[in-house]
Amino acid sequence: MNDIRAKIEQGQRISEADAVNLFETDDLLLLGELASLANRRVNGDKVYFNVNRHINPTNICVNRCKFCAFSRSENEEGAYEMDSDEVFSQAQKAHADGAHEIHIVGGLHPTLSLEWYEEVIARIKDAMPGMHVKGFTAVEIDHFANISGNSIEEVLRGLKAAGLGSMPGGGAEILAEETRLKICPEKISGKAWLEIMRTAHSIGLKSNATILYGHVESYGDRVEHMRLLRELQDETGGFQVFIPLAFQPKHSELASGSPTTGFDDLKTLAVARLYLDNFKHIKGYWIMLGEKIAQVSLHFGVNDLDGTVSQEKIAHDAGAESSEKMSREDLVSLIKEADKIPVERDSLYNELEVCS
Ligand code: V47
Ligand code: SF4
């Protein structure tokens with residue numbers, strides 16, 4: 001531990017073995033101290049948030065990952081599919097409520113065409129040019145390539161031309177292939193996920209990156225996942241933020257699992273901050289962490305709390321107990337009460353307002 005501490009204090013990169021050791025320690029307060037040191041060096045006491053809304057156009061999905069309680073098969077009870085007017089009117093409502101970003105992700109629908117998605121984005125951007133559309137995981141991009149016959153790069157270029165501003169980090173799950181096969185056997189491989197992100201970055205689309213933790217994976221899997229991300233980030237610099245997603249265990253095929261502990265949540269966020277030294281931002285996604293752990297995480301390396309969110313479905317279908325949205329005012333006071341400086345950001349991390 002002393003060696004690792006010295007490396008971090010001197011701003012040196014830590015190794016995979018160091019990261020596993022950090023996961024294995026029970027000295028949570030030491031992890032918090034070191035992660036706070038690393039975070040302060042790049043972000044000071046600022047904590048970012050944005051005003052956004054999630055839109056999930058459909059939950060019909062051909063993949064049916066074992067951890068997912070959101071997806072349905074076609075014609076199954078609870079399956080839904082919005083028409084483009086509905087997606088548009090949800091975006092309009094978000095705009096009227098002051099959102100700067102809409103986050104669009106959904107199931108892999110067997111028949112909705114790539115053109116349908118392009119038209120929806122173009123319509124939103126036409127009516128609300130200032131609205132940032134962050135949309136479509138690498139898994140959806142692969143699906144669009146399959147149904148359209150276009151290459152990954154053509155799909156990404158088409159969506160970008162229609163107005164896509166950046167990509168969320170979903171679909172990464174666990175990139176280590178053996179464990180990935182256990183939790184989402186139908187999904188694109190970890191290698192394919194990374195390749196799609198590489199292509200997105202190469203055409204100027206920034207993206208986020210996630211990890212889904214707290215199910216059947218080992219600490220070694222978590223570190224392998226972060227190693228692959230750190231290497232790609234060294235190459236492209238295209239990732240904006242890393243977001244650990246705490247597994248919500250209810251109503252899915254992996255439903256026998258228990259929720260993550262606050263201890264593991266804070267540890268995972270702190271190790272991410274320490275190992276991913278080339279990611280400027282680490283997000284504490286309050287929807288999955290719960291508001292209280294998210295607040296404490298601001299002293300464990302986290303400098304971003306996502307946003308007001310509004311209408312979250314993926315975590316809540318799997319039993320998340322957090323609210324489905326938070327007001328801007330509540331987010332600001334949650335950050336201030338943790339003795340940090342709230343800063344409203346846009347989707348590309350430009351500062352909009354320092355709320356001191
Ligand atoms: O890819 C599915 C995860 C992801 C469960 O980029 C689950 O800013 C926990 O990626 N328990 C989609 N997680 C959500 C996502 C995301 C969320 C917020 C912000 C950003 C961003 C991205 O949700 C999926 C999957 O990894 N997921 N089911 C579950 N039961
Ligand atoms: Fe489909 Fe995504 Fe759910 Fe997997 S996580 S079943 S790809 S909606």
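For clarity, every value in this text was computed on a predicted model and none was experimentally measured. Note that ligands are numbered from 1 as they come in the structure, with each ligand's atoms numbered from 1 the same way.
- Listed by chain and number, the protein N, O or S atoms at a distance under 2.8 Å from atom 1 (Fe) of ligand 2 are Cys61 SG.
- Set against the non-hydrogen atoms of Phe67, the atoms of ligand 2 under 4.0 Å away are 5 (S).
- Annotation: cation-pi geometry not satisfied between Arg345 and Tyr48 (NZ/CZ under 6.0 angstrom from ring centroid, within 45° of ring axis).
- Near ligand 1, heavy-atom contacts under 4.0 Å come from Phe67, Cys68, His103, Lys134, Pro168, Gly169, Gly170, Gly171, Glu173, Asn208, Thr210, Leu212, Ile243, Leu245, Ala246, Phe247, Gln248, Lys283, Tyr285, Met288, Asp306, Ile314, Ala318.
- Here Glu231 pairs with Arg227 in a salt bridge; the nearest charged N to carboxylate O distance falls below 4.0 Å.
- Here the straight-line distance linking atom CD1 of Ile211 with atom CD1 of Ile174 works out to 4.0 Å at 0.5 Å rounding.
- Between Ser347 and His100, the side chains place no donor N or O within less than 3.5 Å of an acceptor N or O (distance only, hydrogens not considered).
- Looking at every heavy atom in both residues, Thr308 comes nearest to Val51 through OG1-CA, 3.5 Å.
- Defined by atom type and a distance below 3.5 Å, a donor-acceptor pair is present between the side-chain atoms of Asn50 and Glu101.
- Counting non-hydrogen atoms of other residues, nucleotides and ligands closer than 6.0 Å to CD of Glu329 gives a total of 12 or fewer.
- In this structure, Arg13 pairs ionically with Asp234, as a charged nitrogen and a carboxylate oxygen lie closer than 4.0 Å.
- Between the side chains of Ser36 and Asn39, not a single donor N or O lies within less than 3.5 Å of an accepting N or O.
- Between Phe136 and Tyr117, the distance separating the two ring centers is shorter than 6.0 angstrom.
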